[in-house]
Amino acid sequence: TVEAGIDSSGQRVSAGQLQLKLELTPQDSVYLRVSDFASKSGDLSQQYDPALASVGVRVEETQAPIASLGYHHEWRPGIHTLALASWLDDDLSFTNPAQPTLVVFRPDDPMSPGETMLTGVQGITMHQDSGSRLRLFSGELQQLWQQTRHDLILGGRVQTGDFHTENLQNQPSVPSVFPEEPIPAAQQDFTAPFRRLSFYGYYLWHVADPLQVIGGLTYDRLTFPENF
């Protein structure tokens, strides 16, 4: 399926999706899902007066591709093994020629050498170009045992990827407190890792229709940026 258009907020959106399922044998099957997404928009923040919106704001996002590949095997009736691998690649960019920000004045404190003191805060605007990219791989393996009144599910999941973030700010509305061009007022470019490892187990007891008792345990270990 492919969709494209402009939604009620003026955001241009296009998306496509392909899903396939193939029966290899009576006991084996594979599943494939591939999709992409792209959007372009301006200032979508809510304003009492629409004329106050920033006409220079541009936001673009692409997700290409988002892909999942799954495999299912039935050992015998009630015993199943499932495996799933996924990939996500997301790019987001933001541009605003008049991005509001704050300048904090903290000169050296003459009474305390090595320390600074707050003397003022001023609101200004800057031209800002920022972007972020998330690349993430996910893999999961699950084993399922089904009986007439009892189900047992065991599984594990691993995810690994990274966040790449960059930011450039220049052309401040108050240039006297910043270095002269072409030195930017602010520039950051860094990459941070994302890691996840999890294991889980669930037990389902079908006591009587429609009553079920479910219990389980899960373990998750996550590593990700503090400001994510």
Side-chain angles (χ1 to χ4, degrees), residues 2-17 35-66 87-112 114-136 159 161-195 222-228:
V2 177
E3 298 179 358
I6 303 177
D7 64 16
S8 58
S9 65
Q11 184 179 24
R12 295 178 179 271
V13 178
S14 63
Q17 179 177 286
S35 63
D36 63 4
F37 170 86
S39 70
K40 295 182 179 181
S41 66
D43 187 358
L44 299 181
S45 59
Q46 294 184 352
Q47 304 282 352
Y48 177 77
D49 183 358
L52 297 177
S54 179
V55 296
V57 170
R58 294 293 181 269
V59 182
E60 296 187 17
E61 183 178 12
T62 59
Q63 296 178 351
I66 306 174
W87 172 258
L88 168 65
D89 193 335
D90 181 282
D91 277 288
L92 176 67
S93 65
F94 171 85
T95 299
N96 187 356
Q99 176 68 16
T101 188
L102 296 175
V103 176
V104 178
F105 298 92
R106 299 188 66 95
D108 294 334
D109 188 349
M111 304 299 295
S112 302
E115 297 184 4
T116 61
M117 58 182 179
L118 178 64
T119 59
V121 178
Q122 181 178 352
I124 66 171
T125 62
M126 289 189 182
H127 184 284
Q128 179 173 2
D129 288 306
S130 62
S132 64
R133 183 177 188 183
L134 167 63
R135 291 180 293 184
L136 181 65
Q159 293 178 314
D162 58 69
F163 300 88
H164 178 217
T165 304
E166 54 187 357
N167 178 64
L168 174 66
Q169 290 178 306
N170 53 19
Q171 303 175 19
S173 59
V174 183
S176 58
V177 296
F178 294 95
E180 295 183 2
E181 297 285 350
I183 301 175
Q187 186 172 21
Q188 297 93 23
D189 190 332
F190 59 89
T191 300
F194 175 86
R195 304 287 184 268
L222 288 167
T223 303
F224 56 90
E226 182 177 354
N227 61 348
F228 168 65

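Values below: every heavy atom of this structure, side chains too, minus hydrogens, waters and symmetry copies. Note that the numbering runs from 1 along the sequence shown for the chain.
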Just so I know, are the side chains of [X] and [Y] near enough to count as touching, which here means a heavy-atom distance under 4.5 Å?
X    : Y    : result
Q63  : S35  : no
V104 : L118 : yes
S132 : T165 : yes

For [X] and [Y], which heavy atoms make the closest approach, and how far apart are they?
X    : Y    : answer
F105 : V121 : CD1-N, 4.3 Å
P110 : D108 : CD-O, 3.3 Å
G123 : L102 : CA-CD2, 3.9 Å
H164 : T191 : CD2-OG1, 3.4 Å
P97  : G56  : CD-O, 3.4 Å
A185 : M126 : CB-CE, 3.6 Å

Heavy-atom donor-acceptor pair, [X] side chain to [Y] backbone, under 3.5 Å:
X    : Y    : result
T125 : S173 : no
D109 : M111 : yes
D129 : L168 : no

What distance separates [X] [atom1] from [Y] [atom2], expressed to the nearest 0.5 Å?
X    : Y    : atom1 : atom2 : answer
Q128 : Q169 : CD    : CD    : 4.5 Å
F190 : D162 : CZ    : CG    : 12.0 Å
Q99  : H127 : CD    : NE2   : 11.0 Å
D89  : L134 : CG    : CG    : 8.0 Å
L92  : E61  : CG    : CD    : 5.0 Å
Q159 : T223 : CD    : OG1   : 12.0 Å

- Message: Between N167 and Q188, do the side chains contain a donor N or O and an acceptor N or O under 3.5 Å apart?
- Response: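 Result is yes, a qualifying pair exists.
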- Between R106 and T116, is any side-chain donor less than 3.5 angstrom from a side-chain acceptor? yes
- Aromatic rings F163 and F194: how do their planes relate, parallel, tilted or perpendicular, breaks at 30° and 60°? perpendicular
- Do the charged groups of D91 and R133 touch, with an N to O distance under 4.0 Å? yes
